[in-house]
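Have a look at the structure below, then the notes.
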Amino acid sequence: MASGIVSYGVYIPRFRIRLNEISRVWDNGEDISESLRVFEKSVPDVDEDSVTIAVEAARNALMRANLDPKRIGAIYAGSESHPYAVKPTGTIVGEAVCASSAFTAADFEFACKAGTAAIQACLGLVSSGLIDLGIAIGSDVSQGAPGDMLEYTAAAGGAAYVIGREDLAAEIEGFYSFTTDTPDFWRREGMPYPEHGGRFTGEPAYFKHVSSAARGLLKKLGTEPGDYDYAVFHQPNGKFPVRVAAKLGFSREQIEPGLVVPMIGNTYSGSCLIGLAATLDIARPGDRIFVTSFGSGAGSDAFSLRVKEGIDEIRCGAPTVRDYIGKAQYLDYAMYAKHKGKLRI
Amino acid sequence: MTTHAPRFWRCIPQRYSLIGTHCTSCNESFFPPRNICPNCRRGAQLEECKFKGTGTVITYTTIHNATEDFDRLTPYHLAIIELDEGPRITGQIVSAPDGVKIGMRVRPVFRILGKEGERGIIYYGTKFAPIEETCCD
Ligand SMILES: [Zn+2]
């Protein structure tokens with residue numbers, strides 16, 4: 001029996017900072033905004049974190065399809081910025097969406113692809129008939145050290161996907177994962193900011209893993225890039241997804257609807273899941289969507305989706321990605337630092 | 001360290017999801033939850049109810065100087081909100097770049113209400129934000 005996405009919801013904080021405003025403070029003489037192809041990034045409010053973003057996204061997902069939260073059998077929350085080192089985000093989400101207590105929960109962590117790993121776990125439980133509905137979430141309030149390159153793109157946002165067998169908005173036709181031990185980006189326990197291998201994050205990390213997972217899935221399913229209406233790739237900046245899409249044979253038109261990074265920055269675990277949501281927002285029944293996440297460390301999960309009739313039923317049930325992108329309120333660097341708690345007053 | 005975890009835990013349903021009390025005898029709803037109905041006393045038929053969280057701002061004040069715990073939030077708005085089901089509650093208004101107005105329609109949002117310092121628990125709960133239009137409206 002087919003399994004897939006029954007509903008989805010997103011949340012993007014309303015504050016934004018323009019990259020030019022960050023480079024005004026940490027000037028190193030180049031046009032960073034242009035070289036990264038990112039123009040502004042989302043910033044969480046002072047009282048928002050990965051949990052509040054996960055809750056808002058999960059509530060939007062349940063509201064969109066008017067689903068009974070008591071049907072939820074699993075909540076898997078993926079993030080690299082869970083506010084508690086010990087105490088699962090999923091427990092708080094479950095209570096906040098009024099789930100029953102009869103659900104299993106665990107937090108996932110795999111840099112930027114924790115959310116797609118959570119979708120795979122839900123898919124296993126749902127396809128086997130062990131649970132009715134599962135919620136997979138990717139949400140982050142990412143931090144870069146002040147002045148570090150990461151600071152230009154590290155943003156906040158999240159998406160939640162309800163996985164089930166009935167009333168599908170999109171069937172998940174298959175997935176393929178590619179995982180290796182690649183130390184391109186990491187954060188040791190107790191450290192506030194991550195470290196990264198600079199240019200090492202490109203070719204041997206992002207490009208190798210995304211391409212391998214994507215090619216693996218195309219081969220497994222016997223499909224070609226031309227068989228898909230849309231494609232979404234993890235978006236650490238505005239250049240990588242465009243370059244990897246071209247390398248794999250996907251067109252600019254296929255990735256355009258899901259390319260949200262220029263307006264909101266890299267939302268880490270939320271990144272390709274928000275890109276997929278933006279694509280589902282405009283997709284029609286019968287459309288096919290190709291999605292590939294990337295998480296440093298490193299791994300990629302590629303999915304093939306076929307949009308079903310259910311999409312039209314739930315289209316207007318919750319705010320779209322464009323709704324959130326449109327509600328921007330701009331900060332200067334001083335207000336931004338206050339928001340991110342970088343200045344301990 | 002001292003923690004208020006037990007006290008916070010008891011309030012989780014009302015803080016996260018606005019769970020209150022409804023009396024089926026007189027059809028009045030109460031928030032926070034009550035053990036007795038002030039109208040019906042012994043004749044009360046009480047049940048748990050979940051408030052939608054949508055309501056109207058009755059009055060508000062803007063806080064510019066706060067205690068240490070809330071210093072990072074200033075300036076912030078505290079309002080008395082009349083929920084659509086009737087009860088009035090006090091709540092913080094967020095995401096209101098054009099300020100708060102009496103009569104403004106609001107909806108619930110999930111936010112951090114406070115933290116027990118760097119090491120303690122995080123209090124999550126409900127704040128309110130202005131209702132805005134979305135694409136499908
Ligand atoms: Zn009564």
Side-chain angles (χ1 to χ4, degrees), chain A residues 11 13-15 44-60 63-64 69 82-85 87 89 91-99 141 281-282 314-331 335 337-345, chain B residues 5 8-9 11-19 48-54 66 68-77 91-99 107-137:
Chain A
Y11 181 79
R14 72 182 297 132
F15 292 102
D45 207 339
V46 289
D47 54 2
E48 291 184 301
D49 65 11
S50 295
V51 166
T52 65
I53 290 171
V55 167
E56 291 287 345
R59 284 178 173 176
N60 279 339
M63 179 173 74
R64 178 185 294 281
H82 292 291
Y84 285 103
K87 169 152 177 56
T89 295
T91 59
I92 303 166
V93 173
E95 184 73 41
V97 300
C98 297
V141 283
D281 284 341
I282 57 140
I314 65 168
R315 195 179 300 280
C316 293
T320 64
V321 173
R322 300 286 151 186
D323 286 329
Y324 280 110
I325 288 175
K327 284 184 234 163
Q329 190 181 341
Y330 293 91
L331 300 172
M335 287 302 292
K338 181 181 173 184
H339 269 242
K340 296 287 279 182
K342 278 181 178 157
L343 298 175
R344 304 268 176 199
I345 312 167
Chain B
F8 169 73
W9 174 73
C11 293
I12 280 179
Q14 72 185 62
R15 285 196 175 170
Y16 286 15
S17 306
L18 298 173
I19 304 295
E48 208 178 75
C49 72
K50 184 181 184 321
F51 289 88
K52 289 197 304 285
T54 46
E68 201 182 329
D69 291 350
F70 295 94
D71 210 30
R72 224 157 57 88
L73 297 176
T74 56
Y76 64 91
H77 313 290
Q92 194 185 321
I93 310 279
V94 296
S95 293
D98 303 323
R107 63 185 173 85
V109 294
F110 194 77
R111 297 288 178 118
I112 298 166
L113 303 180
K115 294 179 186 178
E116 292 181 341
E118 292 272 298
R119 299 176 60 180
I121 63 166
I122 304 166
Y123 304 135
Y124 292 100
T126 304
K127 293 185 182 180
F128 296 87
I131 292 177
E132 290 164 304
E133 286 181 6
T134 59
C135 287
C136 285
D137 287 341

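Heavy atoms only: backbone and side chains are in, while hydrogens, waters and symmetry mates are out.
Heavy atoms of K115(B) lying under 4.5 Å from chain A are absent altogether. For chain A, the nearby part of V94(B) is the side chain; its heavy atoms alone come within less than 4.5 Å. With a 4.5 Å cut-off on non-hydrogen atoms, E48(A) touches chain B through its backbone and its side chain both. Of the atoms belonging to Y324(A), not a single heavy atom falls under 4.5 Å from chain B. Interface residue Q329(A): only side-chain heavy atoms are found under 4.5 Å from chain B. With a 4.5 angstrom heavy-atom cutoff, Y84(A) touches chain B only via side-chain atoms. For I53(A), no part lies near chain B; criterion is any non-hydrogen pair under 4.5 Å.
Side-chain contact between I121(B) and K87(A) is absent, with no heavy-atom pair separated by less than 4.5 Å. When side chains are defined from C-beta on, E56(A) does not count as touching P13(A), because their heavy atoms never get closer than 4.5 Å. At a threshold of 4.5 Å between non-hydrogen side-chain atoms, the residues L113(B) and K127(B) count as touching. Inter-residue side-chain proximity for R15(B) and F8(B) is flagged as met; some heavy-atom pair is nearer than 4.5 Å.
How far CZ of F110(B) is from OH of Y16(B): 5.0 Å, rounded to the nearest 0.5 Å.
The most heavy-atom pairs under 4.5 Å with chain B, out of D47(A), V46(A), V97(A), T52(A), come from D47(A).
Salt bridge present: D45(A) and R111(B) bring a charged side-chain N and a carboxylate O closer than 4.0 Å.
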